[in-house]
Each structure stands twice: as C-alpha cells, then as structure tokens.
2 protein chains.
Amino acid sequence: MPLKQVILIRDDLKLPKGKMAAQAAHASVEAVLRSEKDKVKEWRMEGMGKIALKVENKTELYRYLQLAKDNDLVCALITDAGKTVIAPGTETCLAIGPDDEDKIDELTGKLKLM
Amino acid sequence: MPLKQVILIRDDLKLPKGKMAAQAAHASVEAVLRSEKDKVKEWRMEGMGKIALKVENKTELYRYLQLAKDNDLVCALITDAGKTVIAPGTETCLAIGPDDEDKIDELTGKLKLM
C-alpha cells in the first residue's frame, strides 16, 4: 500500500505563500523526524507523496490532530514563533504521516486541496 | 552559530500556494534526510529555522544549486512529477541546509522572501 503524508493548513490565517511554504515544510519535517525510520525509508523510495489540504480554522485543525492521535498516526502540529506575519503561538498547520494512504484518506479524505 | 535552512522557489512558475507548500516541504525533507544526523539534531533543538526565498527562474535555481555544491552545502533540487498543475520534470525548488546561518546567508542573502 502506498504511503503518503498530508499537511493540513489553516485557511483562515490567509498566510502569505512563502510563509505558508515554510510552515508546511516545518510540519512535514517534524512529522518525518517523529516517524519510524523504516517507514520514512519506504515512503522516500516511493517518491515521498505529500499533499497540502485546507482546514477552516484552529478548531478544525485541532479536531484533525485528535483524530490522528486516536488513530495512532504520527503527526506534528506547528505553532509559529510569530516573529513576522502572525501572532506568537498561532497554530498554523499539522502534518500527518507518512502512513498508509488508505488510513490517511479515511481521516482527511473530505478536505479540499489548499 | 545558529543553523538554518533556505528553500528557494521559482517565482516564474506562479505555483498555486498549496502546490508550492507541498513542493517546499518536499525539498526541505529531502535535504534533511541527506544531512548529517548531528546537524539535524542541533537544528531541531534550535527550532528548525527555515525560510522560503524566491528565485526568478530555472536558470537562477540552477545557479544556486551549483553555488551550494561548490560550497559543500547539502541541498535538494526538486523536480515535480507533474501529475497536476505543471509539466512533468519541471524543477520547482531547492532546499539548502540546514547549515551555519552565515554560510547560507553568504550564498543566498540577496534573495527576497517568497
């Protein structure tokens, strides 16, 4: 089964694209560093499939964080240091996986592409 | 000396923000996986400083790739599979580091924020 990672990004913050890219990268790397090495290796060999999805707001972001935890999926919630564009401590995005595509899709399949 | 990673993204492709976020994450993760574990560990403890910068086009992207290589900096050039928005094989972005902020800035200090 192919592996994938999803990066859920808050749409309500209207992050500038470069800021969004850096935050997404932050979440992605942190989730990778928290994952089992063998899983990361396999995912890397498959091409490291990943996709950015949008969540409406902080509440929805936390709902998916809980869902991921309930399903024992590795995840990384990112809180911005807030030096530039947004207030310190603002939750910006959440990476889930890499894990089985089916598992990930079951959780986040309803979300739209960012 | 603090460590940082830069992610250089082509501005001419006018990537949709979600696509840009996923490509930047791709570059960031790949450069991390290519880096020495101790350096990644240190960078992570410092907060994994990273920033997205813009390059004008493919030529400029390759110029920075060469510069990074000439300076023995770990880097990862990302070529998109092109399933969605852009043509297959399109070079989208380049992550450099994590490495010493001074070294990175010396190379990419003139680039503007994406």
Side-chain angles (χ1 to χ4, degrees), chain A residues 4-11 13-35 37 39-55 76 78-85 88 92-98 111-114, chain B residues 4-11 13-35 37 39-55 76 78-85 88 92-98 111-114:
Chain A
K4 94 186 215 191
Q5 185 186 60
V6 287
I7 308 165
L8 279 51
I9 305 172
R10 279 177 64 182
D11 195 35
L13 293 176
K14 305 295 172 202
L15 295 170
K17 58 191 175 181
K19 179 83 185 168
M20 182 184 290
Q23 293 287 310
H26 207 77
S28 181
V29 170
E30 182 58 29
V32 166
L33 294 176
R34 290 178 186 178
S35 296
K37 277 180 191 148
K39 195 164 274 185
V40 172
K41 203 170 174 179
E42 194 185 334
W43 176 61
R44 192 181 184 193
M45 283 176 59
E46 290 175 4
M48 298 207 293
K50 67 174 69 62
I51 202 156
L53 301 171
K54 65 168 85 166
V55 292
I78 299 306
T79 300
D80 190 65
K83 289 174 194 161
T84 48
V85 186
T92 57
C93 57
L94 169 73
I96 306 175
L111 293 174
K112 290 184 181 159
L113 290 180
M114 170 53 78
Chain B
K4 94 185 213 190
Q5 184 187 59
V6 287
I7 308 166
L8 278 51
I9 305 172
R10 280 177 63 182
D11 195 35
L13 293 176
K14 305 295 172 201
L15 295 171
K17 58 191 175 181
K19 179 82 184 170
M20 182 184 290
Q23 294 287 310
H26 208 78
S28 180
V29 170
E30 183 57 30
V32 166
L33 294 176
R34 290 179 188 177
S35 295
K37 278 182 189 147
K39 194 164 275 186
V40 172
K41 203 169 173 180
E42 194 185 333
W43 176 61
R44 193 181 182 192
M45 282 176 61
E46 290 174 5
M48 298 206 293
K50 66 173 71 61
I51 201 155
L53 301 171
K54 65 169 86 166
V55 292
I78 299 305
T79 300
D80 189 66
K83 289 173 196 162
T84 49
V85 187
T92 57
C93 58
L94 169 74
I96 306 174
L111 293 174
K112 290 183 181 160
L113 290 180
M114 169 53 78

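Chain letters run A, B, ... following the sequence lines, proteins first and then strands; every chain starts at 1.
Contact annotation for Gln23(B): neither backbone nor side-chain heavy atoms come within less than 4.5 Å of a heavy atom of chain A. Both the backbone and the side chain of Val29(B) come within less than 4.5 Å of a heavy atom in chain A. Residue contact with chain A, scored on non-hydrogen atoms closer than 4.5 Å, involves the backbone and the side chain of Leu33(B) alike.
Checked against side-chain contact (heavy atoms from CB on, under 4.5 Å), Ala24(A) has the following partners two or more places apart in sequence or in another chain: Ile7(A), Ile9(A), Ala21(B). By the side-chain contact (heavy atoms from CB on, under 4.5 Å) test, Lys17(B) pairs with Asp11(A), Lys17(A), Met20(A), Met114(A), sequence neighbours left out.
Residue with the most contacts toward chain A among Ala95(B), Ala22(B), Pro16(B), Cys93(B): Ala22(B) (heavy-atom pairs, distance under 4.5 Å).
The two residues Ala25(A) and Lys50(B) make their nearest non-hydrogen contact at CB-CD, 3.7 Å.
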